[in-house]
Amino acid sequence: MSIKIKFPDNSVSDFQKGVTPLEIAEGISHGLAKDVITAKVNEELVDLNHKIEEDSSIELIKFDNDIGKEVYWHSTAHLMAQAVKELYPDVKVAIGPAIESGFYYDFDKNIPFTDDDLVKIEDKMKELAKQDIEYKRQEIPRKEAIKLFFKMKDNYKVELLNEIPDGETISLYTQGNFTDLCRGPHIIHSGKVKAIKLLKTSGAYWRGDEKNKMLQRIYGISFPSNKELNKFLHDLEEAKKRDHRKIGKELDLYSVSDEVGAGLILWHPNGAMIRSIIERYWLDRHFEAGYQVVYSPHIGKGELWETSGHLEFYKESMYNPIIVDEQEYYLKPMNCPFHIAIYQSRKRSYRELPIKYAEMGTVYRYEHSGALHGLMRVRGFTQDDAHIICTPEQLIEEIDKVLVFSMDILKAFGFKDFLIYLSTMPEKAVGKKEDWDRGIEALRKALDNHNIEYEIDEGAGAFYGPKIDIYIKDALNRSWQCSTIQFDFNLPEQFGMEYIGTDNKPHRPFMVHRALLGSLERFFGTLIEYHAGNFPFWLCPIQVEVLPISEHFEEYAGKVNKKLKENGIRSEIDYKNEKIGYKIREAEMRKIPYMFIVGQKEMESQKVSVRRHLKGDLGSFSLDEIIGKMKIEIESKS
RNA sequence: GCUAAAAUAGCUCAGUGGUAGAGCAACUGAUUCGUAAUCAGUAGGUCGGGGGUUCAAAUCCCCCUUUUAGCCCCA
């Protein structure tokens with residue numbers, strides 16, 4: 001009996017009934033058979049030894065494919081669990097999925113794993129890998145599976161099994177004497193895993209719930225070759241070099257002081273210079289786009305936060321109140337109630353709408369101490385906030401505008417790759433389901449209008465409405481939320497916001513919160529990492545360092561510096577009594593984009609020798625010429 | 001907040017119970033120099049804070065603060 005197998009290129013071949021993906025791969029080439037990890041048969045992922053019994057389509061998947069990586073890493077996680085079970089038989093296993101880069105497995109072990117344990121486990125894994133242990137699939141009824149794991153005292157697996165709906169296939173995978181509950185598929189045998197590195201351990205709650213027991217998680221990664229592993233480890237090192245906390249210190253951009261408090265950022269002159277340029281640009285763009293800038297205080301009375309719903313829904317993220325004249329005042333975690341107060345300071349007409357209030361508003365949120373992270377996660381930060389108050393008819397257009405505006409501004413800072421999420425109704429939420437659906441639809445429409453790719457983040461909306469979030473990745477491939485565009489069904493209602501319509505009757509406006517850069521702190525952090533501290537020219541705190549060859553040329557250097565300043569270029573002179581090589585090295589390390597070297601030659605010809613950061617000597621230029629070039633560079637924001 | 005690790009000079013780090021160290025930076029002097037480190041000298045530390053053990057603590061123990069990697073959460 002033969003069956004027809006269709007390949008991704010639509011070609012069809014005949015095979016013996018019961019042929020396996022591995023045999024098919026073998027038939028194409030030996031190399032492919034060696035590299036193939038898993039296969040999709042009729043769009044369903046299967047093991048390589050899965051027997052194909054009928055006409056089917058097939059796609060052979062290798063490690064270069066994301067699905068291939070996932071299967072490979074997931075199988076390595078099983079291998080790690082096997083190694084851990086062999087070394088520490090009393091340990092219970094929980095779950096062990098593949099993640100974006102690598103895998104982890106959670107274990108229930110009373111004493112946490114040490115670094116020495118990791119080495120032992122890694123060695124054991126390598127030993128097991130070399131033995132080419134087969135991953136055997138077995139399908140059994142649920143009752144039997146429960147019995148089996150109960151007997152093995154794997155209560156986490158029993159808990160999982162109890163939640164699998166009736167009728168779903170339950171599959172087990174066994175390598176050697178280790179059996180795990182798993183949907184699969186897996187690699188064919190452990191020998192496919194050639195290079196392994198266990199990276200770190202950490203605590204993790206069972207099912208991510210802090211009420212549950214803390215398990216011990218081990219993270220690792222694996223590759224089909226040592227070369228790939230080494231590249232991964234090398235990239236990791238390179239990423240560490242871009243860490244904003246490291247560069248922030250090296251370039252004297254910002255600091256955090258124990259004395260001042262955790263998660264509270266001190267912007268040093270260099271960082272503050274960059275921030276002020278960002279703010280100036282931001283203001284210009286917002287005025288152009290029809291926003292009105294407002295300012296509001298840092299604290300507000302308890303009643304305000306009662307009305308807004310923050311004390312009901314957001315209290316755990318707020319600082320405790322300050323008592324003044326027997327009144328409770330809270331540090332603001334958000335700016336919205338203040339903007340609403342401005343709106344409500346007088347009666348509004350439909351003719352005024354949309355009203356767009358923008359503010360660089362500094363807010364304070366109580367973050368768990370363990371969550372704090374450099375500039376990325378702090379307790380006091382400045383949001384580039386705005387609230388758009390509009391009529392229901394204006395809503396879609398306003399969402400559309402703000403989305404385009406947002407992407408446009410991010411691009412001006414050199415960002416290109418974004419991850420975009422549309423978040424839906426969370427469990428703890430206010431507002432009617434219909435309103436939520438309508439809001440989500442409006443957001444979706446705006447994204448679709450501009451062919452923007454996005455993912456749905458179920459239940460991740462704010463308590464008051466759905467939102468679109470734009471994420472930017474950092475050096476270590478972690479993504480950070482920058483822009484957010486959020487609907488609000490709550491506040492207009494809570495505060496009883498109104499405008500007088502054409503019918504001379506009061507109506508409830510819609511409100512959209514949005515922050516484009518998100519928080520200036522986090523945005524600055526991502527900016528540092530994205531550019532590795534080599535900021536776009538227009539943002540550099542010092543754009544030109546004038547380097548006199550010796551004391552004799554300091555006067556000429558002063559003239560050059562003066563001319564630069566007259567042209568709005570931020571420059572300074574290095575008066576140090578050092579050789580030119582030293583001064584250049586220092587300017588290079590400070591990542592100053594231009595170095596102007598001035599000595600005898602330059603003074604005589606009234607020119608400057610230009611050296612560009614990371615590029616080297618560009619030759620000599622007249623001041624007018626080079627200033628012209630720099631002005632173009634500033635204009636183009638490159 | 002939880003689990004684990006860490007905190008020594010401005011920075012990067014060495015020092016595991018017996019007189020606090022190095023390199024760079026800083027300061028002083030010499031040198032006046034051509035594209036990533038000139039030479040010499042000087043100064044700088046209650047070893048994160050508090051308590052304890054000990055004849056003796058940077059080192060061992062306890063508490064606190066902060067940081068790091070994750071968990072949870074989030075701009």
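Naming convention: chains lettered A, B, ... in sequence-line order (proteins, then strands); numbering from 1 in each chain.
Between A:Arg217 and B:C2 there is no side-chain N or O to OP1 or OP2 distance below 4.0 Å. Using a 4.0 Å cut-off, some side-chain N or O of A:Lys249 falls inside it from OP1 or OP2 of B:U12.
When each of B:A69, B:A37, B:U3 is scored by its nearest atom to the side-chain atoms of A:His373, the top-ranked nucleotide is B:A69. Checking B:U68, B:G34, B:A75 against the side-chain heavy atoms of A:Ile580 singles out B:G34 as nearest. Which of B:U67, B:G34, B:A75 sits closest to the side chain of A:Leu372 comes down to B:U67. For A:Arg522, counting side-chain heavy atoms from C-beta on, the closest listed nucleotide (B:U68, B:A75, B:U38) is B:A75. Nearest nucleotide to the side chain of A:Ile584, out of B:U66, B:A36, B:C71: B:A36. Comparing B:A36, B:C33, B:G1 by their closest approach to the side chain of A:Lys579 singles out B:C33.
Separation of the P atoms belonging to B:G15 and B:G48 is 15 Å when rounded to the nearest angstrom. B:A9 and B:G23: their C1' atoms are spaced 12 Å apart (whole Å). Distance check on atom C1': B:C39 versus B:G45 gives 28 Å, rounded to whole Å. Only the C1' atoms considered, B:G51 is 15 Å distant from B:U46, to the nearest whole Å.
Remark: B:A7 base-pairs with B:U65; criterion is Watson-Crick or G-U wobble with both hydrogen-bond distances under 3.5 Å. Under the Watson-Crick or G-U wobble criterion, with both distances below 3.5 Å, B:C55 is paired with B:G18.
A distance below 6.0 Å separates the ring centres of A:Phe487 and A:Phe489.
A residue-by-residue look at A:Lys200 and A:Ala515 shows that A:Lys200 has its nearest nucleotide of RNA chain B further toward the 5' end.
The shortest heavy-atom contact between A:His244 and A:Gly374 is NE2-CA, 3.5 Å.
For residues 544-553 of chain A, proximity to RNA chain B is found at A:Ile549, A:Ser550, A:Glu551, A:His552, defined as any non-hydrogen atom under 4.0 angstrom from a strand atom.
Using a cut-off of 4.0 Å between Lys/Arg side-chain N and Asp/Glu carboxylate O, A:Arg585 and A:Glu578 are scored as not salt-bridged.
The 12-atom threshold is exceeded at NZ of A:Lys109, counting heavy atoms of other residues, nucleotides or ligands nearer than 6.0 Å.
In this view, A:Val256 and A:Tyr254, A:Ile265 satisfy the side-chain contact (heavy atoms from CB on, under 4.5 Å) rule, not counting sequence neighbours. For A:Lys591, the side-chain contact (heavy atoms from CB on, under 4.5 Å) partners at least two apart in sequence or on another chain are A:Leu251, A:Asn534, A:His613.
Side-chain atoms of A:Gln486 stay outside donor-acceptor range of the base of B:A75, with no qualifying N/O pair under 3.5 Å.
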